[in-house]
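Read the structure below first, then the notes.
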Amino acid sequence: MNTYVDEYTSFMTNVRHKSTNTVESYKRDVTQYITYLGESGIKDASMATKTTILSYLLFLQKKGKASSTVSRTLASLRSFYMFMMQKGSVASNPTLNLEAPHVEKKTPQILAGGEVEKLLEQPDISDNKGIRDKAMLELLYATGIRVSELINLDIADVNIPMSFIICRGGKKERIIPMGKKAKDALDSYVKNSRAYMIRDENETALFVNCSGVRLSRQGFWKLIKYYRNQANINAEITPHTLRHSFAAHLLENGADLHSIQEMMGHADISSTQVYSRVINSKIKDVYAKAHPRA
């Protein structure tokens, strides 16, 4: 059955042109599913039925997997069996009409304005690495782009004189403005540091690591953890925290949801509306603490 996984992975990469992270995620889900089939005495994935899929989803739930994990697994299996149908290995898709468990949207982690300032002040801009880190943090908070989009930016995607970046992540290209502090930090990095960090003058990546090649997601994760500790911030910070803070702070200062949706690249306004709940909750807390008759 591993042949199925290899063929499916190749299909997702070369035909569907999915990102590396998406392909790895789907491959992991399908591989774990096929292992389950083998342990259940089912020798071929084409022999699975709707009952088999349901049994596997229940198995994951009993193991304590989060609803979001079970939902993602169903999406992976649905895609896998669509591929199996296309290659003629199955006559029908056993995942059809199966519903994923309801996934409640978690309240995003938002930093207070003062915490953001502390975090952004941490990089030591007396060396090239610190100048790069300052530019990345400022740009992430100024634009709200995803970390994957940040590290995939090319030098050609930034227009410093006009103060905007072109974000090519996802299905739709976005042009996102950036403020003066992000512009200045990025300008300093491009003019003073990047040329000394790259090894190949033909390197297209905007942000590179100490080896002179494109910075990885794991590399950025380590930076966030390091600067969070340096700033003595108690709140847990992930690479997504500055994106959430960008949206919440814009909304808090009067930006409309549709503009925020456009900048963040949300396909559905409901993904943006979660920040309204954060702001409303904050307002209620302020009222409860400050009003004499609350």
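What you see below is based on every heavy atom in this structure, not just the backbone, and it leaves out hydrogens, waters and symmetry mates. Count residues from 1 along the sequence.
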Student check: side-chain heavy atoms of Leu150 and Leu206 closer than 4.5 Å: no
Sequence neighbours left out, what passes side chain to side chain donor-acceptor pair (under 3.5 Å) with Thr49? Give chain and number order. Thr52
Rounded to the nearest 0.5 Å, what separation is found between the CD1 atom of Ile233 and the CD atom of Gln122? 7.0 Å
Do Ile198 and Ile155 sit in the same hydrophobic cluster, where Ile, Leu, Val, Met, Phe, Trp and Tyr count as joined when their side-chain heavy atoms come under 4.5 Å apart? yes
Indicate the atoms forming the closest heavy-atom contact of Ile125 with Gly130, along with that distance. CG2-O, 4.1 Å
Within-4.5 Å side-chain heavy-atom neighbours: Asn152 and Asp157: no
All N/O donor-acceptor pairs, side-chain side in residues 83-90, below 3.5 Å, sequence neighbours left out:
unit_1 : atom_1 : unit_2 : atom_2 : d
Lys87  : NZ     : Glu7   : OE1    : 3.2
Lys87  : NZ     : Ser89  : OG     : 3.1

Pairwise salt bridge (Lys or Arg N to Asp or Glu O under 4.0 Å) hits with a residue in residues 135-144, at least two apart: Lys134-Glu138
Determine the minimum heavy-atom distance between Tyr8 and Ser79, stating which atoms define it. OH-OG, 2.8 Å
Heavy-atom check, side chain of Leu111 versus side chain of His244, under 4.5 Å: no
Side-chain heavy atoms nearer than 4.5 Å, only ILVMFWY residues, links allowed to pass through others: does that put Leu96 and Phe80 together? no
Note: with side-chain heavy atoms under 4.5 Å as the link, the other cluster members for Phe164 come out as Met162, Ile166, Ile175
Modelled atom types, side-chain donor and acceptor of Tyr56 and Thr73, under 3.5 Å: no
Quick check against the 3.5 Å criterion: does Arg174 have a side-chain atom that pairs as donor or acceptor with the backbone of Ile165? no
When you look at Tyr26 and Met12, which way does the side chain to side chain contact (heavy atoms under 4.5 Å, CB included) test go after all the steps? CA-CA 9 Å; Tyr26 277 30; Met12 293 291 282; 3.4 Å; yes
Residue list, salt bridge (charged side-chain N to carboxylate O under 4.0 Å, His left out) with Lys129, at least two apart or on another chain: Asp133
Point-to-point distance, once rounded to the nearest 0.5 Å, from CG of Leu137 to CZ of Phe220: 5.0 Å
Take Val208 and Val213 through the side chain to side chain contact (heavy atoms under 4.5 Å, CB included) test and state the conclusion after the steps. CA-CA 5 Å; Val208 297; Val213 296; 5.8 Å; no
As an exercise, state the distance from OG1 of Thr241 to CD1 of Ile224, rounded to the nearest 0.5 Å. 7.0 Å
So do the side chains of Tyr4 and Val30 get within less than 4.5 Å of each other, counting heavy atoms only? no
Would you mind reporting whether Val158 and Leu186 have side-chain heavy atoms less than 4.5 Å apart? yes
Using the side-chain hydrogen bond (donor to acceptor under 3.5 Å, both in side chains) rule, collect all pairs that involve residues 208-217, keeping only residues at least two apart or in two chains. Asp154-Arg214
May I ask you to check whether over 12 heavy atoms, not counting those of Asn234, lie within 6.0 Å of atom CG? no
Looking at CD1 of Ile145 and CG of Leu140, how far apart are the two atoms once the value is rounded to the nearest 0.5 Å? 6.0 Å
Once salt bridge (Lys or Arg N to Asp or Glu O under 4.0 Å) is applied, what residue pairs with a partner in residues 64-80 remain, sequence neighbours excluded? Asp29-Arg72
Examine Tyr81 and Val15 and state if one hydrophobic cluster contains both, with Ile, Leu, Val, Met, Phe, Trp and Tyr joined whenever side-chain heavy atoms are less than 4.5 Å apart. yes
Can you check whether Ile237 reaches Lys225 side chain to side chain, under 4.5 Å on heavy atoms? no
Note: Ala142 and Gly179 closest approach over all heavy atoms is CB-N, 4.3 Å
Do the side-chain N and O atoms of Ser19 and Asn21 include a donor-acceptor pair separated by under 3.5 angstrom? no
Under 4.5 Å between side-chain heavy atoms, counting indirect links through other Ile/Leu/Val/Met/Phe/Trp/Tyr residues: same cluster for Val5 and Met47 or not? yes
Could you walk me through whether Asn97 and Lys50 pass the side chain to side chain contact (heavy atoms under 4.5 Å, CB included) check? CA-CA 9 Å; Asn97 300 321; Lys50 185 172 292 189; 4.1 Å; yes
Pairs involving residues 178-194, ordered by first then second residue, that meet salt bridge (Lys or Arg N to Asp or Glu O under 4.0 Å) (sequence neighbours left out): Lys180-Asp184, Asp187-Lys191
Could Arg168 and Glu149 be called an ion pair, given the rule that one side-chain N must be under 4.0 Å from one carboxylate O? no
Return the CG to CE distance between Asn128 and Met197, rounded to the nearest 0.5 Å. 6.5 Å
Tell me if a side-chain donor or acceptor on Tyr33 pairs with a main-chain N or O of Ser76 at a distance below 3.5 Å. no
Looking only at atom types and distance, does a side-chain atom of Ser55 sit under 3.5 Å from a main-chain N or O of Thr51, one as donor and one as acceptor? yes
Taking only residues two or more places apart in sequence or in another chain, which ones pass ring-ring contact (aromatic ring centres under 6.0 Å, His included) with Tyr226? none
Between Leu37 and Ala45 the two heavy atoms that sit nearest each other are CD1-CA, 3.8 Å
Compare every heavy atom of Ile151 with every heavy atom of Leu215, then report the nearest pair and how far apart it is. O-CB, 3.6 Å
Does Arg199 use its side chain to pair, donor to acceptor, with the backbone of Gly212 at less than 3.5 Å? no
Could you list the residues that satisfy ring-ring contact (aromatic ring centres under 6.0 Å, His included) with Tyr189, not counting sequence neighbours? Phe207
Salt bridge (Lys or Arg N to Asp or Glu O under 4.0 Å): which pairs involve residues 117-128, sequence neighbours left out? none
Note: Arg132 and Cys210 closest approach over all heavy atoms is NH1-N, 4.3 Å
What's the separation between atom CG in Asn93 and atom CD1 in Ile53, rounded to the nearest 0.5 Å? 8.0 Å
Taking the side chain as C-beta and beyond, is there a heavy-atom pair between Met82 and Thr95 under 4.5 Å? no
Flag side-chain contact, heavy atom, 4.5 Å: Leu242 against Val147: no
Parallel, tilted or perpendicular: which describes the rings of Tyr36 and Phe59, with under 30° parallel and over 60° perpendicular? tilted
How is the hydrophobic cluster of Trp221 composed, in terms of its other members, when Ile, Leu, Val, Met, Phe, Trp and Tyr link through side-chain heavy atoms under 4.5 Å apart, directly or indirectly? none
